[in-house]
Amino acid sequence: MTEPTHDEAHEGALGERLNWLRAAVLGANDGIVSTAGLVVGVAGATDSRSALLTAGLAGLLAGSMSMAAGEYVSVSTQRDSEMAALALERRELREEPEAELEELTGLLEQRGMSREVAREAAEQLTERDALRAHARVELGIDPDALTNPWHAAWASFLSFTVGALLPLLAIVLPPPVWRLGVTVVSVLAALALTGWSSARLGAAKPRPAILRNMAGGVLAMGVTYAAGALLGAAGV
């Protein structure tokens, strides 16, 4: 008789995976909207393919580098905070082990254990690995899965780049008469997909997320196209 398998992800691993997926979807969405707004705005002023390509590439590179730098700084700050909290907990365990044991017991009691069971569990966890027990129960940190700023930076860079490539290619590849229509349709389809993906990841209804995404894209492209058309008509 074979033993049943258990392939479900643990809570920490699942949460981390969902965070990465959400970051990738949001990064791609930002790349789509910002680059679409930029190239459509330029298209309102000129039909020069070289101008559109230059503007699109500049927006793609600037946006992807900005996203990567922002994620690196943000996640580095988070990691520094986690490391500082672990260092403080390590010192408290060394200097006040009894007080920390009592604190862990109280935290386990708050999770529904009786006093006796919480005390026994706290003693066993402390004997096995006191720092890991306090990190997970008290701080909500997994010492084995601290955030990595480089992973976050590369993920944001790649997702933004992938998202930005769609409106860039849609505006420069078709003939001039088709450029705007192809770009708008492609962008709205991509925004519908990212809206649906973000809703599924958050276990929410997809329709509101899709409509919000598409409305934001239409607004961004409409405003920038109007501005470009006004500047083009003014000969700027």
Side-chain angles (χ1 to χ4, degrees), residues 1-30 67-160 194-206 208-209 212:
M1 184 175 179
T2 59
E3 293 292 330
T5 58
H6 182 70
D7 296 327
E8 289 184 12
H10 292 288
E11 182 179 354
L14 179 60
E16 183 180 2
R17 187 183 307 166
L18 288 176
N19 286 335
W20 281 109
L21 289 171
R22 287 191 184 98
V25 170
L26 292 175
N29 193 77
D30 287 344
M67 287 284 291
E71 280 295 311
Y72 180 83
V73 171
S74 175
V75 176
S76 292
T77 301
Q78 179 183 344
R79 185 183 178 89
D80 291 344
S81 299
E82 292 172 343
M83 295 291 289
L86 289 173
L88 177 60
E89 198 63 39
R90 189 179 292 110
R91 179 170 62 83
E92 290 176 345
L93 285 167
R94 184 175 62 251
E95 296 176 355
E96 301 176 327
E98 286 301 322
E100 289 299 298
L101 179 61
E102 182 62 31
E103 182 182 32
L104 183 58
T105 301
L107 290 170
L108 293 174
E109 277 189 275
Q110 293 175 12
R111 296 193 172 192
M113 295 183 181
S114 66
R115 172 71 183 179
E116 293 75 15
V117 173
R119 183 71 179 190
E120 182 180 354
E123 289 174 350
Q124 291 184 13
L125 289 170
T126 299
E127 184 178 351
R128 180 175 299 176
D129 193 324
L131 179 61
R132 181 172 281 100
H134 279 267
R136 289 179 173 174
V137 177
E138 180 182 349
L139 305 175
I141 297 174
D142 185 352
D144 299 323
L146 296 180
T147 52
N148 188 313
W150 284 110
H151 290 171
W154 277 110
S156 295
F157 178 88
L158 291 174
S159 61
F160 186 97
T194 57
W196 178 86
S197 301
S198 63
R200 293 289 294 175
L201 290 171
K205 293 182 178 180
R212 283 195 301 266

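Nothing fancy with the numbering, it's 1 onward along the sequence.
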- Query: For residues 83-113, which residue pairs qualify under ring-ring contact (aromatic ring centres under 6.0 Å, His included), counting only residues two or more places apart or in two chains?
  - Reply: none
- Message: Walk me through whether Glu120 and Val117 qualify under side chain to side chain contact (heavy atoms under 4.5 Å, CB included).
- Response: CA-CA 5 Å; Glu120 182 180 354; Val117 173; 5.7 Å; no
- So, for Ala122 and Thr105, which heavy atoms are closest and what is the spacing to 0.1 Å? CB-OG1, 3.4 Å
- Here the gap from Leu104 atom CG to Glu109 atom CD, rounded to the nearest 0.5 Å, amounts to 10.5 Å
- Message: I need the Leu107 CG to Glu138 CD distance, nearest 0.5 Å.
- Response: 6.0 Å
- Contacts of type salt bridge (charged side-chain N to carboxylate O under 4.0 Å, His left out), residue Glu103, not counting sequence neighbours: none
- Task: Identify the heavy atoms of Ala199 and Lys205 that sit nearest to each other, and give their distance.
- Result: CB-O, 3.7 Å
- Going from CZ on Arg132 to CD1 on Ile141, what distance comes out if it is rounded to the nearest 0.5 angstrom? 12.5 Å
- Query: Taking all non-hydrogen atoms of both residues, which atom of Thr194 and which atom of Asn29 are closest, and how far apart?
  - Reply: OG1-OD1, 2.9 Å
- Task: Please confirm whether the backbone N or O of Ser156 pairs with a side-chain atom of Ser159, one donor and one acceptor, at under 3.5 Å?
- Result: yes
- Query: Shortest non-hydrogen contact from Met67 to Gly27?
  - Reply: CE-CA, 3.8 Å
- Have a look at Glu100 and tell me which of Thr126, Leu93, Leu131 forms a side-chain contact (heavy atoms from CB on, under 4.5 Å) with it. Leu93
- Distance col, row Phe160:CZ vs Leu26:CG, nearest 0.5 angstrom, shows 12.5 Å
- Between the CG atom in Leu108 and the CZ atom in Arg119, the distance rounded to the nearest 0.5 Å is 11.0 Å
- Main-chain N/O of Tyr72 paired with Ser76 side-chain donor or acceptor, under 3.5 Å: yes
- Item | Residue pairs passing the side chain to side chain donor-acceptor pair (under 3.5 Å) test where at least one lies in residues 84-94, sequence neighbours excluded | Glu89-His134, Arg91-Glu95
- Arg115 CZ: over 12 foreign heavy atoms closer than 6.0 Å: yes
